Amino acid sequence: LSFASSIPFQVTVENRATECFYEKLEQNNYATFSALIIDGDQLMGTMLFEGPFAKPDVESTSSLMRAEFEYTKKRNRWTQHTSHIIDVDFEHLSLDEYADIEDEFEDMVEELYWDDDDSVLDDDSVLDDDSAYVDLTEEDKKKLEDKKQRKHKEQSIQIHKLKQERDEALQARAKHLSKKIKDEGEPVQKTIHAQAGGWYRACMRGSYGKITVELELRISKELLGVDPETDHVYTYEKFEELKEQRLLDEDTAEDEPSIKAEDFEKTRNQMRELRRVLNQISTLQSTARHRMNQHGKISEHSNSRMKWDSVFVTALFIGITLLQIYTIQKWFARTSILGR
């Protein structure tokens, strides 16, 4: 049983086991659960973030454990209950899932113009065939013209819709590619809004084997709210930066008569910028370290799989060779008998 609202720490999760944090949240608080798998048989697991599973007035550990047991057993979910289950995969790096957008768009547009109906009136090629068109009655010609206009109008609407979907997908691709390198080495985070007060749990499960994971649970009430840039609760580094900025804002040139107001303002701005740059450098160094660690573990796992694949393929070839030798020997043995 772990109570957590502190800086990240490492925990080892056994295969099929679960490690949980428990935190009492007030109504309308925000909480961010962060997980970064740094070692294991596979860099994969499952995050669980849900609650409330117990009322806010539960204080003792035994009462909390009983409430969790009853909740897990019966799943008596409250009206304002929230539950999130997230598969975490640091083993397979993200790929460009939007690479074929243009080709898919062209194929869909081409399908819109393809007419599979064998009826003369439904075949647009009739309009391009003078002999076939002349043989039609005036009423059929009018129906054909009207149908073609309706069809072209429907096609234009559908193509316009496809273009909108393509543009949205291209924007998503640009955003995805801009974040691709940044996301490697960063933890998976999930933020919830506590619509009801009570006890919440944030768990990590070793769904694919034993793992070592770096976990963190951040509460908005303690860390000055939610960062508008990330939509997650402020990190502790950002929290310290904001606290220093507040102290700088509260300080004025009147406290130092020997310093000009203009010089004081320049110095304060430089201090803010220095703190921001230092935090940025620290974050980038941490992300780069995690990224290198992940790449190293992935490389180890890939090499291990390649070795076992090579052993399997070698054994398979040896087996096939022995089977061929046995088959040929049997064939020659039968041939000699027949020759007699």
Side-chain angles (χ1 to χ4, degrees), residues 1-23 30-51 83-95 175-192 200-220 222-223 226-227 229-241 278-302 304:
L1 181 65
S2 302
F3 297 87
S5 57
S6 57
I7 60 176
F9 69 95
Q10 292 182 11
V11 60
T12 299
V13 184
E14 298 293 335
N15 183 30
R16 300 299 176 183
T18 303
E19 293 290 338
C20 293
F21 292 161
Y22 301 86
E23 186 67 32
Y30 289 86
T32 296
F33 181 34
S34 168
L36 177 67
I37 301 176
I38 57 178
D39 198 4
D41 300 331
Q42 295 190 70
L43 304 183
M44 301 167 64
T46 303
M47 292 173 63
L48 172 66
F49 199 7
E50 65 179 355
S83 178
H84 300 277
I85 300 176
I86 305 171
D87 287 328
V88 180
D89 186 359
F90 292 97
E91 188 77 20
H92 306 93
L93 300 180
S94 58
L95 301 175
K175 184 177 181 181
H176 170 78
L177 293 178
S178 68
K179 293 180 63 178
K180 180 179 176 183
I181 297 178
K182 176 188 171 193
D183 287 342
E184 295 176 6
E186 291 189 352
V188 174
Q189 301 184 85
K190 180 60 184 179
T191 298
I192 64 171
Y200 289 71
R201 64 178 180 179
C203 304
M204 192 71 193
R205 180 176 176 80
S207 304
Y208 304 93
K210 182 179 179 180
I211 56 174
T212 301
V213 58
E214 189 175 272
L215 301 175
E216 181 182 56
L217 186 60
R218 307 192 301 270
I219 312 301
S220 61
E222 302 171 355
L223 298 175
V226 177
D227 189 345
E229 295 182 0
T230 62
D231 293 330
H232 298 301
V233 175
Y234 284 115
T235 62
Y236 288 91
E237 294 79 10
K238 188 68 174 180
F239 172 66
E240 293 297 328
E241 179 184 347
L278 287 175
N279 279 341
Q280 187 177 15
I281 292 174
S282 176
T283 301
L284 290 175
Q285 287 179 335
S286 176
T287 302
R289 184 174 66 254
H290 289 147
R291 185 184 301 137
M292 291 178 63
N293 176 72
Q294 288 176 0
H295 288 179
K297 295 299 179 183
I298 293 171
S299 178
E300 291 178 9
H301 298 167
S302 298
S304 178

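Remember, predicted model here, so these are calculated numbers, not experimental data.
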Tyr30: ring pair (Phe, Tyr, Trp, His ring centres under 6.0 Å) partners, not counting sequence neighbours: His193
State the OH-CZ distance between Tyr236 and Arg218, to the nearest 0.5 angstrom. 8.0 Å
Contact between Met47 and Ile85 at the side-chain level, heavy atoms closer than 4.5 Å - yes or no? no
In Å and rounded to the nearest 0.5 Å, what is the CG to CD1 distance from Leu223 to Ile219? 8.0 Å
Spacing of CD1 belonging to Ile86 relative to CD belonging to Gln189, to within rounding of 0.5 Å: 10.5 Å
Pairs in or reaching into residues 32-41: which pass side chain to side chain donor-acceptor pair (under 3.5 Å), with residues at least two apart or in two chains? Thr32-Thr191, Asp39-Lys297
Would you tabulate the side-chain donor-acceptor contacts of residues 202-215 under 3.5 Å, counting partners in other chains and residues two or more places apart, or write 'none'?
from, atom 1, to, atom 2, distance (Å)
Arg205, NH1, Arg16, O, 2.9
Arg205, NH1, Thr18, OG1, 3.3
Arg205, NH2, Arg16, O, 3.4
Ser207, OG, Thr46, OG1, 2.6

Tell me every residue that passes side-chain hydrogen bond (donor to acceptor under 3.5 Å, both in side chains) with Glu241, counting only those two or more places apart in sequence or in another chain. Gln245, Asn279
For the residue pair Val226 and His232, establish whether any side-chain heavy-atom pair is separated by less than 4.5 Å. no
Does the pair Leu43 and Asp89 meet the rule for a side-chain contact (heavy atoms from CB on, under 4.5 Å), with working shown? CA-CA 6 Å; Leu43 304 183; Asp89 186 359; 5.9 Å; no
Report the distance from atom CG of Leu36 to atom CD1 of Ile38, rounding to the nearest 0.5 Å. 7.0 Å
Starting at CG of Leu217, measure out to CD of Glu23 and round the result to the nearest 0.5 Å. 6.0 Å
Is it true that Phe239 and Tyr234 have ring centroids separated by less than 6.0 Å? no
Indicate the ring-plane relationship of Phe9 and Phe21, choosing parallel, tilted or perpendicular according to the 30° and 60° boundaries. tilted
Spacing of OH belonging to Tyr22 relative to CZ belonging to Arg201, to within rounding of 0.5 Å: 6.5 Å
Evaluate the salt bridge (charged side-chain N to carboxylate O under 4.0 Å, His left out) criterion for residues Glu240 and Lys238: first the C-alpha distance (whole Å), next the side-chain angles of each, then the deciding distance (0.1 Å), finally the verdict. CA-CA 5 Å; Glu240 293 297 328; Lys238 188 68 174 180; over 6 Å; no
